[in-house]
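Worksheet: one structure, shown below.
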Protein chains: 4
Amino acid sequence: MSDLSPRRTRRAGGARRALVLDHVVAVLADRGYAGTRFIDVAEASGVAVSTLQGYFGSREDMLIEAFRHATSVAVVAMDELAAQVDDPWQQLVAMVDRGLSTDVATWRMLMEFWTAAAHDAELREHAAALAEQYREPFIDGVRRGIESGAFTPRFDTAAIVEAVVANIVGLLYPVVLGHLAPQDTDYRDVVLAQLAFALTSQER
Amino acid sequence: MSDLSPRRTRRAGGARRALVLDHVVAVLADRGYAGTRFIDVAEASGVAVSTLQGYFGSREDMLIEAFRHATSVAVVAMDELAAQVDDPWQQLVAMVDRGLSTDVATWRMLMEFWTAAAHDAELREHAAALAEQYREPFIDGVRRGIESGAFTPRFDTAAIVEAVVANIVGLLYPVVLGHLAPQDTDYRDVVLAQLAFALTSQER
Amino acid sequence: MSDLSPRRTRRAGGARRALVLDHVVAVLADRGYAGTRFIDVAEASGVAVSTLQGYFGSREDMLIEAFRHATSVAVVAMDELAAQVDDPWQQLVAMVDRGLSTDVATWRMLMEFWTAAAHDAELREHAAALAEQYREPFIDGVRRGIESGAFTPRFDTAAIVEAVVANIVGLLYPVVLGHLAPQDTDYRDVVLAQLAFALTSQER
Amino acid sequence: MSDLSPRRTRRAGGARRALVLDHVVAVLADRGYAGTRFIDVAEASGVAVSTLQGYFGSREDMLIEAFRHATSVAVVAMDELAAQVDDPWQQLVAMVDRGLSTDVATWRMLMEFWTAAAHDAELREHAAALAEQYREPFIDGVRRGIESGAFTPRFDTAAIVEAVVANIVGLLYPVVLGHLAPQDTDYRDVVLAQLAFALTSQER
DNA sequence: AATGAATGAGCGTTCATTCAT
DNA sequence: AATGAATGAACGCTCATTCAT
């Protein structure tokens with residue numbers, strides 16, 4: 001399993017520093033990676049620019065840490081969700097529902113993160129870890145269903161999971177750009193039925 | 001059908017201007033929306049910075065026009081593909097194959113475009129038009145299949161199309177960030193089988 | 001007497017060129033010396049920028065020639081006025097009236113001219129010639145009055161003329177800046193009475 | 001009485017900022033309004049360009065504040081002069097002498113200020129306030145002389161004051177352009193005698 | 001002669017960063 | 001630790017000028 005935690009522990013700031021990170025994430029979602037300046041975070045958080053630099057070092061370091069912070073929170077939440085449900089199919093349903101109900105702010109943050117990662121090797125590593133962690137509980141759910149005999153999949157587990165994750169992440173731009181309402185019952189029905197189809201051989 | 005053409009025709013530049021646009025798109029995919037400076041395009045195209053400004057007006061106008069140019073090309077290509085195939089199912093298969101084989105450069109360009117659109121109202125309008133045009137031939141294919149009796153869909157046409165488009169666009173980040181090979185036979189099988197399932201009622 | 005004519009005859013343009021000069025003067029009064037760009041004159045006159053450069057050479061040369069043109073016109077008009085009136089006092093009155101009724105556009109043009117001259121040696125020479133020519137008919141009027149016995153001045157002719165010219169030019173900023181109406185009967189009365197006082201010894 | 005003070009107090013800079021303002025005024029007089037660039041002031045004052053922008057905001061704000069600074073100083077000096085002399089006539093004489101002995105640098109600064117004001121509404125407001133304040137002690141002196149019976153004016157107070165102010169300001173261009181020595185005893189005699197004439201009815 | 005196209009020089013401005021307190 | 005002040009680097013943009021037609 002990859003590491004999502006910061007590589008070195010920073011002392012500066014302490015509690016105040018953690019509070020600032022949430023502001024950084026909010027500004028990031030609003031103004032974008034390249035558009036997030038020190039002064040924006042300073043105004044949003046009430047902390048002086050030079051203090052921010054004392055906390056994080058450079059602008060890029062601040063943004064990278066904000067991404068680590070925000071994505072870690074999101075992944076941990078998904079993991080906890082998976083741990084709460086025992087039945088494999090119900091677990092998958094819960095995770096799909098969770099994914100489909102991702103709020104716009106989170107999508108925006110992820111969009112900025114991934115777009116920034118496309119231009120930055122260090123962020124790209126982090127994105128790879130995030131992708132793996134995000135798919136992990138899905139793969140786990142499918143495998144547990146297979147082992148228990150509940151699923152008799154028609155395809156590779158990896159391909160099935162990739163498809164359902166694509167069904168979730170594919171909502172990002174429609175939702176962020178306002179083309180699609182965040183929650184659509186019909187869409188959920190299609191995704192879940194297709195997933196059930198993929199997991200269940202016809203000869204059953 | 002929405003309008004993807006530039007609002008006003010610019011004369012400056014002529015043929016040379018069109019050549020430059022391709023360079024702008026390339027730089028855009030490489031450096032990102034915010035990271036694309038006049039000097040980058042100048043170096044890539046061999047045209048002086050001030051000449052670029054003579055062509056496009058401002059940096060933003062240049063980037064917006066590049067996006068219009070590139071996305072129009074992509075949409076027209078998809079439309080032509082749809083027009084070439086007569087059988088509805090074969091048309092859908094062809095379009096899915098086309099979508100799944102989208103090259104990294106195009107995905108990067110679209111990623112930059114959509115991310116920029118999230119912060120710019122004018123680009124957002126264009127993105128909405130693009131989204132509509134991209135889905136149009138899919139919806140058309142499904143409808144034609146229903147009318148001919150080939151499809152007896154289990155769900156709303158819109159939801160089915162949204163799901164298959166999500167299966168395509170959901171590849172963007174895995175492909176751009178290098179997590180996934182652009183072409184994966186298993187993934188294609190899942191997507192097409194799920195689409196066929198959604199379009200075919202069991203009682204047939 | 002100094003020379004106000006252009007130093008070298010330019011061929012380019014001919015009649016069209018002369019027409020353009022009036023546009024240059026108008027733009028000059030409106031936008032100021034430093035603010036007058038080729039494109040402004042081009043838009044005002046309907047002549048292409050590069051054509052203007054063909055006419056005048058550089059931007060500065062164009063402006064300098066416009067100043068020469070406009071000031072020559074003003075001085076010639078004052079000279080003609082002086083030649084029309086025979087009686088020395090009536091001549092002075094006519095010239096004062098003429099000066100006090102200078103229109104805002106002319107004042108603006110002169111303001112730009114003199115301000116530019118403060119930063120340019122060549123224009124300063126021209127301004128010196130203009131100053132001399134402007135005072136010449138005043139000095140001539142006073143001298144003719146003295147010779148005829150009509151005036152018995154209390155002060156040097158030069159000082160008297162300087163004072164009355166100051167009374168005229170002193171209106172420039174109030175008029176241009178809108179603090180004072182261009183024509184004020186009371187003010188005229190003061191200027192003329194003070195002039196008459198200066199020209200007439202009490203023992204007469 | 002109009003307000004000549006800056007509209008909002010800026011903190012940045014403090015003492016250093018005030019020192020820079022004098023340099024701005026000097027450069028302004030030397031190079032003109034349009035010709036005064038940040039780099040000129042930076043070189044004259046030894047302060048970095050970006051620091052100047054930190055102090056003043058924009059180039060225009062810097063120049064406007066320099067004008068306010070310089071003109072306020074000039075007006076305050078004239079007011080103090082007026083307050084020192086008790087006898088109305090002696091006060092007027094002192095003010096005329098002060099006006100006629102205005103140094104070239106001040107005239108140049110005022111010339112630039114007024115010329116700039118002709119193209120800028122905000123500066124024009126300030127110029128109106130300045131004009132009013134400049135004439136105020138003159139009007140006050142005349143009125144006090146009338147009340148005490150020392151003056152029995154032949155004309156409106158406003159017209160008389162306008163004429164004497166014109167006699168002062170009318171020196172601007174001759175002095176700035178070097179046509180006239182700044183101090184000329186004969187000219188002073190004319191101005192003062194004409195003023196005395198205007199203020200004293202013949203029947204006395 | 002007249003013009004559009006192309007371009008380089010120069011300027012205002014933004015912003016991350018360094019430094020002193 | 002926290003901050004304001006100061007600054008250099010970099011970029012978009014304007015505009016006069018040169019060149020080819």
Inset, instruction - Going by the side chain to side chain contact (heavy atoms under 4.5 Å, CB included) test, name the single residue among B:V27, B:V49, B:V24 that passes it with B:D40. - result: B:V27
Inset, instruction - Measure the spacing between NE2 of B:H126 and CD1 of B:I64 and express it to the nearest 0.5 Å. - result: 9.5 Å
Legend entry - Presence of B:R16 side-chain N/O under 4.0 Å of E:dT7 phosphate oxygens OP1/OP2: yes
Inset, instruction - Spell out, as yes or no, whether a donor-acceptor pair under 3.5 Å connects the side chain of A:S72 to the backbone of A:R68. - result: yes
Legend entry - Rounded distance (Å) that lies between atom C1' of E:dA9 and atom CD1 of B:I39: 14 Å
Legend entry - Residue-phosphate contact under 4.0 Å: D:Y55 side-chain N/O, F:dA5 OP1/OP2: no
Inset, instruction - With the side chain of D:F38 defined as its heavy atoms from C-beta on, choose the nearest nucleotide among F:dT14, E:dT17, E:dG12. - result: E:dG12
Inset, instruction - Would you kindly compare D:A48 and C:R59 by the position of their nearest DNA chain F nucleotide and give the one closer to the 5′ end? - result: D:A48
Legend entry - C:G46 or D:A34, whichever maps to the more 5' nucleotide of DNA chain E: C:G46
Inset, instruction - Give a yes or no answer on whether the side chain of D:H23 reaches the backbone of D:V41 with a donor-acceptor pair at less than 3.5 Å. - result: no
Legend entry - Secondary-structure string, 5' to 3', Watson-Crick or G-U under 3.5 Å, | for another-strand partners, for DNA chain E: .||||||||||||||||||||
Legend entry - Separation of E:dT17 C1' from A:R37 CZ (nearest whole Å): 16 Å
Inset, instruction - Could you pick out which residue, B:E60 or D:L52, lies toward the 5' side of DNA chain F when each is mapped onto its nearest nucleotide? - result: D:L52
Legend entry - Test item: D:R108 and D:V104 side chains (from C-beta on) under 4.5 Å apart, heavy atoms: yes
Inset, instruction - Whole angstrom is fine here: how far is it from CG in A:L63 over to C1' in E:dT17? - result: 15 Å
Inset, instruction - Establish, from distance only, whether the side-chain atoms of C:D30 and D:H119 form a donor-acceptor pair under 3.5 Å. - result: no
Legend entry - Ring geometry between B:Y33 and B:F67 (parallel below 30°, tilted from 30 to 60°, perpendicular above 60°): parallel
Inset, instruction - Would you mind reading off the distance between A:D61 atom CG and E:dA16 atom C1', rounded to a whole angstrom? - result: 13 Å
Inset, instruction - Would you indicate what B:V49 reaches in the nucleic acid, counting non-hydrogen atoms under 4.0 angstrom: base, sugar-phosphate, or nothing? - result: nothing
Legend entry - Separation of atom CD in B:Q53 from atom P in E:dG8, rounded to whole Å: 13 Å
Inset, instruction - Rounded to the nearest angstrom, tell me the gap between atom CZ in C:R17 and atom C1' in E:dT3. - result: 18 Å
Inset, instruction - Return the nearest nucleotide to the side chain of C:T51; candidates are E:dT13, E:dA2, F:dT3. - result: E:dA2
Legend entry - Length of the CD-P vector between C:E43 and E:dT3, whole Å: 15 Å
Legend entry - d(CZ, A:F56; P, E:dT18) in whole Å: 17 Å
Legend entry - Under 4.0 angstrom between D:S50 side-chain N/O and F:dA6 OP1 or OP2: no
